[in-house]
Amino acid sequence: GSSVDVLKLENFSLLVSRFEGDKAPVTRENALAHAAVVRSILSDTTPLPFRFGTVTDEQRLRHFVASHQQALETKLAHVRGCVEMSVKIIWSPDEADVDSGSEGPGARFLRDKQLRAAKAKDVAAWLKEQLHAFVKDEQMTLGATEKLIVAAAHLVERGAIAQYRDQLGEARKLRPELHFLVSGPWPPYSFSNIDLEFKTLFGVN
């Protein structure tokens with residue numbers, strides 16, 4: 001329910017809300033309000049978004065910006081003109097893949113784990129090869145869950161979004177055994193990590 005103000009520090013404009021308390025309540029309404037503020041400027045520029053619930057005071061914020069000006073400028077330059085696209089890939093092995101014959105439960109578990117790890121590595125390399133021409137940077141997680149074998153965040157230049165989507169659409173046809181969950185464009189959360197630096201330096205929430 002708080003207003004959003006623009007705080008000018010050094011060469012930066014920061015979108016902030018005044019908050020009384022030590023921790024922002026984690027509710028769906030609050031999380032959506034935070035996301036709406038970040039997305040509200042995405043059509044005009046690419047911000048470095050803080051995670052929801054980042055709380056600090058103005059003195060610490062001023063000190064952080066002043067002492068990390070070069071790093072912040074470098075990060076802004078890296079994401080400028082770009083957005084984040086998300087690709088999650090789900091795979092369920094067929095019966096031929098999991099047929100373990102007379103193996104015991106321990107051996108079967110280890111075999112399945114190795115099979116999924118190998119599949120995740122193969123799919124990640126394949127996805128990178130398919131999209132590298134349209135991806136400026138990427139963050140990839142392998143084997144996050146039993147079925148989610150690859151979760152990729154791609155930093156894509158705005159002018160390349162249509163080509164990225166077209167290429168991904170063609171790539172999906174080549175791997176019918178995989179299920180793709182694609183979303184975006186989003187603010188580049190995966191390529192910011194500013195909040196982590198805040199916590200390390202100041203121990204703020």
Side-chain angles (χ1 to χ4, degrees), residues 1-88 134-141 144-145 148 150-162 164-165 180-205:
S2 300
S3 63
V4 179
D5 302 319
V6 177
L7 182 63
K8 298 283 188 177
L9 298 180
E10 303 296 335
N11 296 323
F12 307 104
S13 296
L14 290 83
L15 275 67
V16 301
S17 290
R18 305 294 173 177
F19 179 74
E20 297 295 333
D22 298 323
K23 184 178 294 186
V26 181
T27 66
R28 183 175 185 273
E29 181 182 9
N30 287 345
L32 290 175
H34 172 265
V37 171
V38 177
R39 287 186 63 87
S40 70
I41 62 170
L42 188 62
S43 60
D44 298 317
T45 188
T46 303
L48 287 179
F50 288 103
R51 298 291 181 185
F52 166 77
T54 302
V55 180
T56 186
D57 58 53
E58 188 169 336
Q59 182 179 357
R60 286 179 171 177
L61 186 58
R62 288 182 179 277
H63 174 71
F64 178 83
V65 171
S67 59
H68 291 75
Q69 181 172 347
Q70 183 59 54
L72 289 167
E73 288 177 349
T74 298
K75 287 194 175 189
L76 280 167
H78 184 57
V79 302
R80 184 170 292 120
C82 299
V83 293
E84 179 174 327
M85 299 295 294
S86 171
V87 180
K88 295 180 180 179
F134 310 108
V135 173
K136 183 177 180 180
D137 196 2
E138 67 179 4
Q139 297 286 341
M140 224 176 252
T141 302
T145 67
L148 179 59
V150 174
H154 292 141
L155 190 65
V156 180
E157 293 185 359
R158 293 171 186 264
I161 293 176
Y164 169 92
R165 284 175 169 159
F180 292 76
L181 302 174
V182 183
S183 64
W186 305 106
Y189 283 101
S190 300
F191 305 93
S192 299
N193 298 324
I194 300 297
D195 57 324
L196 299 180
E197 296 180 18
F198 261 106
K199 293 175 183 178
T200 300
L201 289 170
F202 304 124
V204 298
N205 296 319

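Heads up: numbering here begins at 1 and tracks the sequence.
Counting heavy atoms from C-beta on, the side chains of Arg158 and Val83 come closer than 4.5 Å. Between Lys23 and Val55 there is no side-chain heavy-atom pair separated by less than 4.5 Å. By the 4.5 Å heavy-atom criterion applied to side chains, Gln59 and His63 are not counted as neighbours. Between Phe134 and Ile161, every side-chain heavy-atom pair lies at or beyond the 4.5 Å cut-off. Two residues are said to be in side-chain contact when any heavy atoms from C-beta on lie closer than 4.5 Å; Val38 and Pro47 meet this criterion. Using a 4.5 Å heavy-atom cutoff, the side chains of Ile41 and Leu15 are in contact. Within the 4.5 Å cutoff, the side chain of Ser67 has no heavy atoms near those of the Gln69 side chain. Counting heavy atoms from C-beta on, the side chains of Leu48 and Val79 come closer than 4.5 Å.
Note: His34 and Tyr189 have tilted aromatic rings, judged against thresholds of 30 and 60 degrees for the angle between ring planes.
Distance CG/Leu7 to CG/Leu61: 6.0 Å, rounded to 0.5 Å. Residue Phe191 holds its CZ atom at 10.5 Å from NZ of Lys136, rounded to the nearest 0.5 Å. For the atom pair CD (Glu138) and CE (Met85), the distance works out to 14.5 Å, reported to the nearest 0.5 Å. The line from CG of Leu9 to CZ of Phe64 is 11.5 Å long, rounded to the nearest 0.5 Å. A distance of 15.5 Å separates CH2 in Trp186 from CG in Leu155, rounded to the nearest 0.5 Å.
Contact between Ser40 and Ser43 at its shortest, heavy atoms only, is O-OG, 4.2 Å. Taking all atoms of both residues into account, the shortest heavy-atom contact from Gly184 to Arg165 is O-NH2, 3.1 Å. For the residue pair Phe19 and Ala24, the shortest heavy atom distance occurs at CZ-CA, 3.7 Å. In this structure, His78 and Cys82 approach most closely via the heavy-atom pair O-SG, 4.3 Å. The heavy-atom pair separating Ser192 from Lys75 by the smallest distance is O-NZ, 2.5 Å.
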**OP:** Could you check Glu73 against Asn11 for side-chain contact (heavy atoms from CB on, under 4.5 Å), going step by step and ending with a plain yes or no?
**Re:** CA-CA 9 Å; Glu73 288 177 349; Asn11 296 323; 3.6 Å; yes
**OP:** Show your reasoning for whether side-chain contact (heavy atoms from CB on, under 4.5 Å) applies to Val6 and Val16.
**Re:** CA-CA 6 Å; Val6 177; Val16 301; over 6 Å; no
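At distances below 3.5 Å, not a single donor-acceptor pair connects side-chain atoms of Thr46 with backbone N or O atoms of Leu42. Between the side chain of Thr74 and the backbone N or O of Gln70, at least one donor-acceptor pair lies under 3.5 Å. Judged by distance alone, the side chain of Lys8 and the main-chain N or O of Ser13 form no donor-acceptor pair under 3.5 Å.
Gln139 and Ser190 are not linked by any side-chain donor-acceptor pair at a separation below 3.5 angstrom, with hydrogens and angles left out of the test. Looking at Ser3 and Arg18, their side chains never bring a donor and an acceptor atom within 3.5 Å of each other.
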